[in-house]
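Bear in mind the structure is a predicted one, so any value in this text is a computation, not a measurement. Indexing begins at 1, ligand by ligand and atom by atom, following the structure's order. Atoms considered below: every heavy atom in the structure, side chains included; atoms not considered: hydrogens, waters and symmetry mates.
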Amino acid sequence: MREGIQAEKLAFIGAGYVGLVSGTCFAELGNRVVCVDRDADKIGLLRDSVIPIYEPGLEELVRCNQAAGRLSFTTSIGDAVREADIVFLAVGTPPLEGGDVDLSQVRDAARQIAENIDADKIVVIKSTVPVGTGRSIERLINEHSRSGAKVRVVSNPEFLREGSAIHDTFHPDRIVIGCEDPEAGERIRRLHEPLGAETLITGRESAELIKYAANAFLATKISFINEMANICEKVGADIGMVAKGIGLDKRIGPHFLQAGVGYGGSCFPKDTRAQLRIAEDVDYEFRILRAVIEVNRLQRLRFAQKIERAAGPVEGKRIAVLGLAFKPETDDLRDAPSLDVADWLIRRGADVIGYDPVAWARAAQQIPELAVTDSLEAALRGADAVVVVTQWESIRRMDLDWAKSLVARPIMIDGRNIWEPAEMAAKGWTYWSVGRPE
Ligand SMILES: NC(=O)C1=CN([C@@H]2O[C@H](COP(=O)(O)OP(=O)(O)OC[C@H]3O[C@@H](n4cnc5c(N)ncnc54)[C@H](O)[C@@H]3O)[C@@H](O)[C@H]2O)C=CC1
Ligand SMILES: O=C(O)[C@H]1O[C@H](OP(=O)(O)OP(=O)(O)OC[C@H]2O[C@@H](n3ccc(=O)[nH]c3=O)[C@H](O)[C@@H]2O)[C@H](O)[C@@H](O)[C@@H]1O
């Protein structure tokens with residue numbers, strides 16, 4: 001809890017991943033926060049402290065702040081907007097066919113703000129939005145303001161990662177504030193002061209672009225290391241060593257150099273395509289980013305094909321796919337590589353069973369032909385090949401002798417390079433991974 005700094009009254013519109021985590025963390029910092037969502041079921045659950053997403057530590061934090069009276073949930077955007085001094089927009093910005101960003105949730109929420117504000121307010125856009133959205137939303141709200149009250153729109157992009165969202169919110173590498181009005185920017189800077197993070201105050205357009213640039217650059221690192229991994233396989237080098245060797249150079253850094261099946265999730269795939277479209281809209285061909293996206297698509301396919309190289313034709317074979325969420329510590333399946341891999345195997349006639357400790361039930365809804373389980377043992381039993389897509393701790397810590405005793409054939413294709421090839425060979429596994437000598 002912060003001391004000596006005035007608490008603010010905040011409304012978060014959109015109680016999805018970002019709105020819920022960020023709103024809860026701001027309540028923990030001593031502010032009064034109301035989270036609004038148009039999804040009445042979600043709000044019903046949240047009122048009972050039931051968290052609709054899987055995010056470690058979130059439930060306890062929500063519960064504490066609700067009990068302390070700092071955090072509440074409502075479906076009434078009107079009440080929330082009228083009560084708050086600062087309104088955060090954290091609604092979804094999903095992709096449209098062709099890569100454009102669907103801004104309908106942002107615009108709907110803006111119209112609702114315009115109908116309900118009764119005094120001048122600051123509106124903060126946390127959702128990831130194309131350049132120029134802050135300007136157009138400010139205009140939209142002010143032109144439609146029923147009471148005549150005005151808003152100043154500040155861009156404040158979110159950089160949290162799923163699975164470590166609370167840690168990321170309390171320990172951000174930086175806070176980015178994009179504003180046209182210095183006073184509004186200063187108010188948002190002060191709100192973040194207790195976090196003690198480096199704060200960059202800039203123009204609204206730059207802030208909006210920083211968000212896309214960050215995700216595009218991180219995706220570029222991943223596609224780069226995956227291409228290097230593919231070369232390693234051909235020349236007999238080890239991508240783990242190559243990544244370590246380049247990552248020790250401070251100008252490169254060690255992060256986001258983990259080769260594997262490629263990136264997935266709700267943001268990298270969506271935001272890279274959106275950035276490509278933003279460039280196209282200003283007649284610029286963003287060549288590197290186009291290649292990054294294509295490399296990522298091919299990396300999934302390459303991995304799926306590796307399964308047949310390791311295990312032979314998969315038709316009629318029982319294949320265990322371990323890890324379905326797009327990364328560990330989340331139940332998010334949006335654009336998860338596992339779904340493409342499972343789909344590829346199923347289309348080639350394999351009998352696929354997917355294991356995930358958390359996302360298993362959701363995965364069954366996405367691919368009806370996919371058998372799913374939250375039991376590692378059930379997945380491994382009788383498998384002709386084991387395919388690792390997501391490095392959950394339960395998979396990392398798996399006893400390899402126990403696993404070998406369950407499978408029909410000890411063949412492992414590891415898309416996350418969890419084990420050392422020599423260790424696997426010693427334990428009697430035929431082991432294929434990514435970017436290591438085959
Ligand atoms: N998920 C993540 O890890 C991160 C997401 N972002 C960005 O943050 C934004 C939100 O992402 P998520 O939280 O994942 O989305 P989400 O889809 O999980 O949540 C959005 C929520 O907004 C609600 N909503 C939509 N329109 C509404 C309205 N008019 N009134 C009230 N509620 C409304 C929806 O019902 C939904 O619950 C996106 O722009 C995303 O790109 C940024 C960083 C991290
Ligand atoms: O805009 C967003 O929504 C968020 O997108 C990512 O966060 P997230 O998608 O939650 O997860 P990451 O940890 O970045 O992983 C994304 C994907 O890249 C893959 N990845 C990551 C790192 C790596 O070295 N190699 C690799 O293949 C992961 O397996 C995963 O599929 C960014 O890291 C966040 O900063 C950003 O806020």
Atoms in ligand 1 with a heavy atom of [X] nearer than 4.0 Å:
| X | answer |
| --- | --- |
| Gly14 | 21 (C), 22 (O), 23 (C), 32 (N) |
| Gly92 | 20 (C) |
| Lys211 | 43 (C) |
| Thr93 | 38 (C), 39 (O), 41 (O) |
| Ile13 | 30 (N), 31 (C) |
| Ser266 | 1 (N) |
| Gly16 | 13 (O), 18 (O), 19 (O), 21 (C), 37 (O) |

Would you mind reporting whether Arg135 and Arg204 have side-chain heavy atoms less than 4.5 Å apart?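 They are in contact (side-chain heavy atoms under 4.5 Å apart), so the answer is yes.
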
Do Ile51 and Leu20 come close enough that some side-chain heavy atom pair is under 4.5 Å?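 Counting from C-beta outward, Ile51 and Leu20 do come under 4.5 Å.
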
For [atom], what is the closest protein heavy atom, and at what distance to 0.1 Å?
| atom | value |
| --- | --- |
| atom 6 (N) of ligand 1 | Val18 CG2, 3.5 Å |
| atom 44 (C) of ligand 1 | Leu160 O, 3.5 Å |
| atom 43 (C) of ligand 1 | Glu158 O, 3.4 Å |
| atom 1 (N) of ligand 1 | Glu162 OE2, 3.0 Å |
| atom 10 (C) of ligand 1 | Val91 O, 3.4 Å |

When you compare ligand 1 with [X], is there at least one nitrogen or oxygen pair between them that comes in under 3.5 angstrom?
| X | result |
| --- | --- |
| Ala90 | no |
| Arg161 | no |
| Asp37 | yes |
| Thr128 | yes |
| Asp271 | no |

Does any N or O in the side chain of [X] come within less than 3.5 Å of the main-chain N or O of [Y], such that one atom is a donor and the other an acceptor?
| X | Y | value |
| --- | --- | --- |
| Glu115 | Arg146 | no |
| Arg334 | Gly265 | no |
| Lys9 | Val33 | no |
| Glu308 | Val314 | yes |
| Asp37 | Ala15 | yes |
| Asn215 | Thr272 | no |
| Ser136 | Thr133 | yes |
| Asp168 | Leu160 | no |
| Ser127 | Val91 | yes |

Within reach of ligand 1, part of [X] (heavy-atom separation under 4.0 Å):
| X | answer |
| --- | --- |
| Arg334 | side chain |
| Asp332 | neither |
| Gln112 | side chain |
| Ser127 | both |
| Cys267 | side chain |

- Query: Evaluating non-hydrogen atoms only, which member of Gln105, Lys42, Arg38 is closest to atom 37 (O) of ligand 1?
  - Reply: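 Closest candidate by heavy-atom distance is Lys42.
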
Ignoring hydrogens and angles, state whether a donor on the side chain of [X] or [Y] is under 3.5 Å from an acceptor on the partner side chain.
| X | Y | answer |
| --- | --- | --- |
| Arg70 | Asn31 | no |
| Tyr263 | Ser223 | no |
| Asn156 | Lys126 | yes |
| Asn65 | Glu28 | yes |
| Ser104 | Arg107 | no |

* To do: Could you tell me if any non-hydrogen atom of Lys270 lies under 4.0 Å from any atom of ligand 1?
  =>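 Yes.
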
Which protein N or O atoms sit under 3.5 Å from any N or O of ligand 2? Give atom names and distances.
residue, atom, partner, partner atom, Å
ligand 2, 1 (O), Lys211, NZ, 2.7
ligand 2, 1 (O), Asn215, ND2, 2.8
ligand 2, 10 (O), Glu162, N, 2.8
ligand 2, 11 (O), Lys327, NZ, 3.1
ligand 2, 13 (O), Lys327, NZ, 2.9
ligand 2, 24 (O), Leu257, N, 3.3
ligand 2, 24 (O), Gln258, N, 2.9
ligand 2, 25 (N), Gln258, O, 3.0
ligand 2, 27 (O), Arg416, NH1, 3.4
ligand 2, 29 (O), Arg416, NH1, 3.3
ligand 2, 31 (O), Gly264, N, 3.0
ligand 2, 31 (O), Phe326, O, 3.2
ligand 2, 35 (O), Phe159, O, 2.7
ligand 2, 37 (O), Phe159, O, 3.1
ligand 2, 37 (O), Leu160, N, 3.4
ligand 2, 37 (O), Leu160, O, 2.7
ligand 2, 37 (O), Lys211, NZ, 3.0

Notebook entry, point to check: With sequence neighbours left out, which residue pairs that include part of residues 115-162 fulfil the ring-ring contact (aromatic ring centres under 6.0 Å, His included) condition?
Noted result: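 Non-adjacent pairs meeting ring-ring contact (aromatic ring centres under 6.0 Å, His included): zero.
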
Practice problem: Run through Val261, Asp414, Asn417 and flag the one making a side-chain contact (heavy atoms from CB on, under 4.5 Å) with Val434. | Solution: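 Of Val261, Asp414, Asn417, side-chain contact (heavy atoms from CB on, under 4.5 Å) with Val434 is met by Asn417 alone.
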
